[in-house]
Amino acid sequence: MAEKIKFHLEYEIKSSPKILFSFLQEPNALAQWFADDVAYKDGIYEFSWDDEQHKAKLISSKENKLVKYKWLDDEPYYFEMEIIQDELTNDVALAITDFAWEENLDDRKLIWNNQIEYLQSVIGA
């Protein structure tokens, strides 16, 4: 059986890691840019897009650094958002790790580009 392809994207974000981190983990903040709606109950995030719901569990979190969610309906795949801050310039970047089927890879990257554009407008970056 074919496997999804792992890919990485990186975006410069004009924000402090602390502010950015809240937009990666808090349900109300995630709903402002990542999904149409985000519900959180018993350690499970439910992300809604249009009429589709997908559940994920936060499996790793390092304050102001990283969040990693594992899809419950798409084992063993996950997505990760890591905040990277340059030690010399203090520039902040958001690194995304995700997976997609080969035929959907370009679309998936485009979706992330659009979502990050929303994120930047929401936080005023």
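In this structure, Q85 places its CD atom where more than 12 heavy-atom neighbours from other residues, nucleotides or ligands lie under 6.0 Å away. Around CD of E52, the count of heavy atoms belonging to other residues, nucleotides or ligands within 6.0 Å does not exceed 12. Under a cut-off of 6.0 angstrom, the local environment of CD in E102 is sparse, with at most 12 non-hydrogen atoms contributed by other residues, nucleotides or ligands. Annotation for N90: atom CG counts as buried by contact number, over 12 foreign heavy atoms lying within 6.0 Å. For F7, the CZ atom sits in a packed shell: over 12 heavy atoms of surrounding residues, nucleotides or ligands are nearer than 6.0 Å.
Applying the salt bridge (charged side-chain N to carboxylate O under 4.0 Å, His left out) test to pairs two or more places apart or on separate chains, those with a residue in residues 80-99 are D98-R108.
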How far apart are the C-alpha atoms of Y45 and Y69, what are their side-chain angles, what is the distance that settles it, and do they pass the ring pair (Phe, Tyr, Trp, His ring centres under 6.0 Å) test?
CA-CA 9 Å; Y45 288 77; Y69 295 92; 5.1 Å; yes
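Here the closest heavy-atom approach between residue P17 and residue N64 is recorded as CB-O, 3.7 Å. Here the closest non-hydrogen pair linking V38 and A31 is CG2-N, 3.7 Å. Heavy-atom minimum distance, D36 versus D50: OD2-N, 2.6 Å. Between F99 and Y78, the shortest heavy-atom contact is CD1-O, 3.2 Å. Looking at every heavy atom in both residues, S15 comes nearest to V92 through O-CG2, 3.1 Å. Pairing each heavy atom of E3 with each of W101, the nearest pair is C-CZ3, 3.7 Å.
Remark: the backbone N or O of F23 is paired with a side-chain donor or acceptor of W33 at under 3.5 angstrom. For W49 (side chain) and F34 (main-chain N/O), a donor-acceptor pair under 3.5 Å exists by modelled atom type.
A heavy-atom distance below 4.5 Å is not found between the side chains of D73 and K55. Using a 4.5 Å heavy-atom cutoff, the side chains of F21 and S61 are in contact. Counting heavy atoms from C-beta on, the side chains of L20 and L119 come closer than 4.5 Å. Between W71 and H54, some side-chain heavy-atom pair lies under the 4.5 Å cut-off. Side-chain contact check for K68 versus L58: every heavy-atom pair is 4.5 Å or farther apart. Side-chain atoms of I116 and Q120, non-hydrogen and from C-beta on, do get closer than 4.5 Å to each other.
No path of Ile, Leu, Val, Met, Phe, Trp and Tyr side chains, each step under 4.5 Å between heavy atoms, connects W112 with I84, placing them in separate hydrophobic clusters. Clustering ILVMFWY residues whenever any of their side-chain heavy atoms sit less than 4.5 angstrom apart, transitively, puts L30 in the very cluster that holds V122. Hydrophobic clustering, with ILVMFWY side chains joined whenever heavy atoms are under 4.5 angstrom apart, keeps F79 apart from L66. One hydrophobic cluster, built from ILVMFWY side chains closer than 4.5 Å, cannot hold both I96 and Y77; they sit in different ones. In terms of hydrophobic clustering, with Ile, Leu, Val, Met, Phe, Trp and Tyr side chains grouped at heavy-atom distances under 4.5 Å, I83 and L9 are assigned to a common cluster.
Note: L72 CG to K57 NZ = 8.0 Å, rounded to the nearest 0.5 Å. Considering CD1 of I5 and CG of N104, their distance stands at 10.0 Å, rounded to 0.5 Å.
Between E63 and K65, no side-chain nitrogen of the basic residue sits less than 4.0 Å from a carboxylate oxygen of the acidic one, so the salt-bridge criterion is not met.
In this structure, the side chain to side chain donor-acceptor pair (under 3.5 Å) partners of D74, at least two apart in sequence or on a different chain, are K4.
Looking at H8 and E10, their side chains never bring a donor and an acceptor atom within 3.5 Å of each other.
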